[in-house]
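Please read the structure below before turning to the comments.
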Protein chains: 2
Amino acid sequence: MKVTYEELTENIKSKGLKATQQRLEILKFVAESHIHPDAMEVFEKLKPSMPSISLDTVYRTLWLLAKHGLISTVGFPCERAKFDGNLKPHHHFICTICGTIYDLYDENLDKIPVPESINNIGEVTTTQIEIKGLCNKCRNTITN
Amino acid sequence: MKVTYEELTENIKSKGLKATQQRLEILKFVAESHIHPDAMEVFEKLKPSMPSISLDTVYRTLWLLAKHGLISTVGFPCERAKFDGNLKPHHHFICTICGTIYDLYDENLDKIPVPESINNIGEVTTTQIEIKGLCNKCRNTITN
DNA sequence: GTATCTGCAAAAATTTTGCAGGACG
DNA sequence: CGTCCTGCAAAATTTTTGCAGATAC
């Protein structure tokens, strides 16, 4: 999806951030791409047209944009690999502040119908609902 | 949930793996815990009762157990932080072999009813379906 | 006994941070 | 022009790897 620099500039400024060249290019690439890039991929894509850009700016900018909701992260934010020994069907609620993962059992969620279009992509092994939000513990901390 | 060493031993051997002390303890901890631990947390938990265990064994063992389906990973396996500039409601299919993430649009999935029990945990901001499986590209590679 | 597995140490890969100079508004 | 932002370099963190000795079966 093509986006204009005017839109991008406005989006960035609406969050009270400065619309620098680097931010515009990083946001443009992520917004227009469908590859769910990581920091290194963004860096390598921009490097040719912006030789002076540095990887740490890409990291800082991506997290900044994510924090302000201009982009999002796939899966859970800021995670190291986490493991789960619970093999029964269940779903997850994760708090975007503290990162705690809560298990969720619900028969209706277990029965989510997978859309037919999935056959064009591949073969399903598991389906899980991942709900992001703010846990009560963190909500209380903030209101204090 | 308590599990016996007999069960654990059997599970590990059923995959053609050797049931070593380290593997039994690692699997026992992950299977019985509800904290979705990362490698470091497993390591620190086992260290007192198993002073000689090393962190790299924990890493190797966790991925090995995950590969054989005795445990699973939360979210997507093996990931660096990935970013998504697509702000329209959508869901994800990820190939567990190549890691490619495909976007999935489906109105029915957008309307998943969040269970009431969520109120005991926290406040929802987003709900996404994350489907894991084997993409057609990788399926073809394997059959070759 | 033999193949598999572990611990050690070191390396690789990934991400974060402090600071001086530069750019935006 | 002042504040916020970037690039550089270095550090911190997280994860992987090679190898010799140990262990399961």
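We use all heavy atoms of the structure for the numbers below, so side chains are in, but hydrogens, waters and symmetry mates are not. Note on naming: letters A, B, ... go to the chains in the order of the sequence lines (proteins, then strands), and numbering restarts at 1 for each one.
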Q. Counting only side-chain N and O atoms of A/R80, is one of them less than 4.0 Å from OP1 or OP2 of C/dT15?
A. no

Show me the protein contacts with nucleotides 20-25 of chain C, counting only N or O atoms at under 3.5 Å.
{"unit_1": "C/dC24", "atom_1": "O2", "unit_2": "A/K18", "atom_2": "NZ", "d": "2.8"}
{"unit_1": "C/dG25", "atom_1": "OP1", "unit_2": "A/A19", "atom_2": "N", "d": "3.0"}

Q.
Among residues at least two apart in sequence or on other chains, which ones pass ring pair (Phe, Tyr, Trp, His ring centres under 6.0 Å) with A/H36?
A. B/H92

Q: Take the C1' atoms of the five end pairs on each side of the helix from C/dG1-D/dC25 to C/dG25-D/dC1, derive the two axes, and give their angle rounded to 10 degrees.
A: 50°

(Q) Taking only side-chain N and O atoms of B/W63, does any of them lie within less than 4.0 angstrom of OP1 or OP2 on D/dT15? (A) no

Q | Residue list, side chain to side chain contact (heavy atoms under 4.5 Å, CB included) with B/L17, at least two apart or on another chain | A | B/I12, B/K15, B/R23, B/L64, B/H68

Q | Contacts of A/D110 that satisfy salt bridge (charged side-chain N to carboxylate O under 4.0 Å, His left out) - sequence neighbours left out | A | none

Q.
Test of understanding: with salt bridge (charged side-chain N to carboxylate O under 4.0 Å, His left out), list the residues that count as partners of A/K132, not counting sequence neighbours.
A. none

Q) A/K28: what forms a salt bridge (charged side-chain N to carboxylate O under 4.0 Å, His left out) with it, not counting sequence neighbours? A) A/E32

Q. Looking at A/Q22, does any N or O in its side chain come under 4.0 Å of the phosphate oxygens OP1/OP2 on D/dG7?
A. yes

**Q.** B/Y102: partners by side chain to side chain contact (heavy atoms under 4.5 Å, CB included), with sequence neighbours left out
**A.** A/I121, B/F93, B/T100, B/C135

Q | Spacing between A/H68 atom NE2 and D/dC5 atom C1', to the nearest angstrom | A | 14 Å

Q) What pairs with B/D38 under salt bridge (charged side-chain N to carboxylate O under 4.0 Å, His left out), at least two apart in sequence or on another chain? A) A/R80

Q: Whole angstrom is fine here: how far is it from CG in A/L65 over to P in D/dC5?
A: 11 Å

Pull out every protein N or O sitting under 3.5 Å from an N or O of nucleotides 18-20 of chain D, one pair per line with the distance.
none

Q | Listed partners of A/T9 passing side chain to side chain contact (heavy atoms under 4.5 Å, CB included), at least two apart | A | A/K13, A/A19, A/L24

Q: Ignoring backbone atoms, test whether A/S54 places a side-chain nitrogen or oxygen under 4.0 Å from the OP1 or OP2 oxygen of D/dT6.
A: no

(Q) Applying side chain to side chain contact (heavy atoms under 4.5 Å, CB included) to B/T125 and A/L134, what does each step give before you reach the verdict? (A) CA-CA 7 Å; B/T125 50; A/L134 188 60; 5.7 Å; no

Q: Classify the angle between the aromatic ring planes of A/Y105 and A/H90 as parallel (below 30°), tilted (30 to 60°) or perpendicular (above 60°).
A: tilted

Q.
Run A/I101 and A/D84 through side chain to side chain contact (heavy atoms under 4.5 Å, CB included) and show every step you take.
A. CA-CA 10 Å; A/I101 297 166; A/D84 190 345; over 6 Å; no

Q) Please give, in whole Å, the distance from D/dC8 C1' to A/Y59 OH? A) 16 Å

Q: Calculate the interatomic distance between B/L55 atom CG and D/dT16 atom P; express it in whole Å.
A: 10 Å

Q. For B/W63 and B/T73, what are the C-alpha separation, side-chain angles and deciding distance, and is it a side chain to side chain contact (heavy atoms under 4.5 Å, CB included)?
A. CA-CA 9 Å; B/W63 286 116; B/T73 57; 3.7 Å; yes

Q. Looking only at side-chain N and O atoms, does B/R23 come under 4.0 Å of OP1 or OP2 in C/dT4?
A. no

(Q) Within a 6.0 Å radius of atom NZ on A/K67, are there more than 12 heavy atoms belonging to other residues, nucleotides or ligands? (A) no

Q) In residues 24-51 of chain A, which ones come under 4.0 Å of DNA chain C, going by heavy atoms? A) none

Q. Of all the nucleotides listed (C/dT6, D/dT16, D/dT6), which has the minimum atom distance to the side chain of A/T57?
A. D/dT6

**Q.** Separation of C/dT14 P from B/K82 NZ (nearest whole Å)
**A.** 11 Å

Q: Dump the intermediate steps for side chain to side chain contact (heavy atoms under 4.5 Å, CB included) on B/L55 and B/M40, then the final yes or no.
A: CA-CA 7 Å; B/L55 180 56; B/M40 186 57 83; 3.8 Å; yes

